[in-house]
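Inspection log for the structure reproduced underneath, given as C-alpha cells.
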Amino acid sequence: MTISALALLSLDDVESATPVYISIALFASIWFVLTHDTRPRVGVGASIYVIVASIVAAAISSHNAMVGGFSQWYVGAGALAMFYLSLRRRNLLAWLGFAAIGGVVILWGLSTEDRLLEAILLVARQAPFVLVGSLFSLGMRRTRQRLDGIHSVETARAAAEAAALARTAERSRRLAGLDAAVGVQLQRIADGDELTDDDRAELLIAEARLRDSLRARQLDLPEIVAAVQRARRRGVTVVLLDDRYPLPLPIGALSTVTEAAVRILDETADGSVTIRLLPAGRALLATMVTDDEEYSRIEIPAP
C-alpha cells in the first residue's frame with residue numbers, strides 16, 4: 001500500500017500515467033506470487049517471475065520519470081521485492097535481480113543528459129535492502145542448523161535413555177520371572193538344603209518355563225503358562241514357538257489362540273504338544289500339534 005501511495009503521488013512528475021498503473025499492477029502481482037508460494041524456500045519459477053516483473057517495471061518507469069523523488073518509487077519497490085526473495089532463501093537470485101534492476105536504471109542514466117550520477121546514487125541507496133535480507137537469511141539459516149543439531153543430539157539422547165530404560169525394565173521383568181519360577185529352589189540350594197526328586201523335576205519345569213518366555217513371548221500369558229505347567233507335571237513334553245514376534249497378534253485373535261491352547265494342553269495326557277505362532281502374512285495364524293496316542297493338528301486361520 002505504501003509503494004502504491006508513493007506511485008500515485010508521483011503522477012504529476014511523470015510524462016504519462018499509464019506506465020505507473022502498469023508498474024503498480026506488476027508489483028501487485030509480485031506480492032500475490034510471493035504470498036501464495038508458501039514454501040520456506042520460494043520456488044525458482046516464482047523467483048524468476050518476481051525478477052522479470054521488477055525489471056519490466058523499472059524499464060517502463062525509468063524513462064517516464066521527469067524528475068527524481070517519488071517518481072523513482074519503482075527502484076525501491078524492486079529492491080523490496082528482492083529483499084523478500086533473499087528472506088525466502090533465494091539470495092543469489094535476489095542479487096542477480098537487483099543487479100538487473102540496477103543495470104536498467106544505470107542504462108537510463110546513460111541515455112539521459114546529466115543523470116548518470118543520479119542513477120548510480122539511486123541504485124546505491126536501495127542496495128542495503130537486499131543486503132539486510134541476505135544477512136538476515138544467512139543468520140536464520142545458521143540458527144536453524146544449530147537448532148537442528150541440538151534437536152538431533154537431544155533426540156539421540158532421549159532414544160538412548162529410552163533404550164536403557166527398556167533394557168532395565170526387561171531385565172527386571174526377567175529377574176522377577178526367574179524369582180517366581182525358581183526363586184525358592186535357588187534359595188534352598190544356596191542354603192545347602194538337599195533337593196528331592198520332586199524338587200529337581202520342578203527345576204526342570206521352571207527351566208522350560210524360562211525358555212518359553214524367550215522363544216514364545218506372545219504366549220507368555222498366565223492362562224497358557226498355568227496350562228503348560230499342569231501338562232508338564234503330567235509328563236507331557238510342551239514346545240512353544242513364536243515365529244511372529246515382534247509383530248503383535250491381530251485384534252481379537254489372542255483370546256482365540258489362548259482358549260485353543262489351554263484346551264489342547266489340558267486334554268493331552270501324555271506325549272507331546274507343540275504350539276506355534278506362524279510368521280505374519282501366512283494363511284494360518286497358529287498351529288497346535290499333539291502326538292500322544294493319536295496325532296492331531298489344529299489350525300487357526302489368520303483373520
Side chains of residues 244-252: which donor-acceptor pairs under 3.5 Å do they make with residues two or more places apart or in other chains?
from: Arg244; atom 1: NE; to: Pro248; atom 2: O; distance (Å): 2.9
from: Arg244; atom 1: NH2; to: Pro248; atom 2: O; distance (Å): 3.4
from: Tyr245; atom 1: OH; to: Arg217; atom 2: NH1; distance (Å): 2.9

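- Counting non-hydrogen atoms of neighbouring residues, nucleotides and ligands closer than 6.0 angstrom, the CH2 atom of Trp95 exceeds 12 such neighbours.
- With sequence neighbours excluded, no residue forms a salt bridge (charged side-chain N to carboxylate O under 4.0 Å, His left out) with Glu223.
- Under the 4.5 Å side-chain criterion, counting only non-hydrogen atoms from C-beta, Leu265 is in contact with Ile275.
- The pair Asp266-Arg230 meets the salt-bridge criterion, with a side-chain N (NZ, NE, NH1 or NH2) lying under 4.0 Å from an Asp/Glu carboxylate O.
- Residues meeting the salt bridge (charged side-chain N to carboxylate O under 4.0 Å, His left out) test with Arg157, sequence neighbours left out: Glu154.
- The pair Glu299-Arg297 meets the salt-bridge criterion, since a charged nitrogen lies less than 4.0 angstrom from a carboxylate oxygen.
- Between Arg276 and Asp243 there is a salt bridge, since at least one side-chain N of the basic residue sits less than 4.0 Å from a carboxylate O of the acidic one.
- Residues forming a ring-ring contact (aromatic ring centres under 6.0 Å, His included) with Tyr295 (at least two apart in sequence, or on another chain): none.
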Cut-off 3.5 Å, no hydrogens considered: what does the side-chain donor-acceptor table look like for residues 41-53, sequence neighbours left out?
from: Arg41; atom 1: NE; to: Arg89; atom 2: O; distance (Å): 2.9
from: Ser47; atom 1: OG; to: Gly43; atom 2: O; distance (Å): 2.8
from: Tyr49; atom 1: OH; to: Ser29; atom 2: OG; distance (Å): 2.6

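- With salt bridges taken as basic N to acidic carboxylate O contacts below 4.0 Å, one links Asp212 and Arg232.
- Annotation: salt bridge (charged side-chain N to carboxylate O under 4.0 Å, His left out) contacts of Arg233 (sequence neighbours excluded): Glu202.
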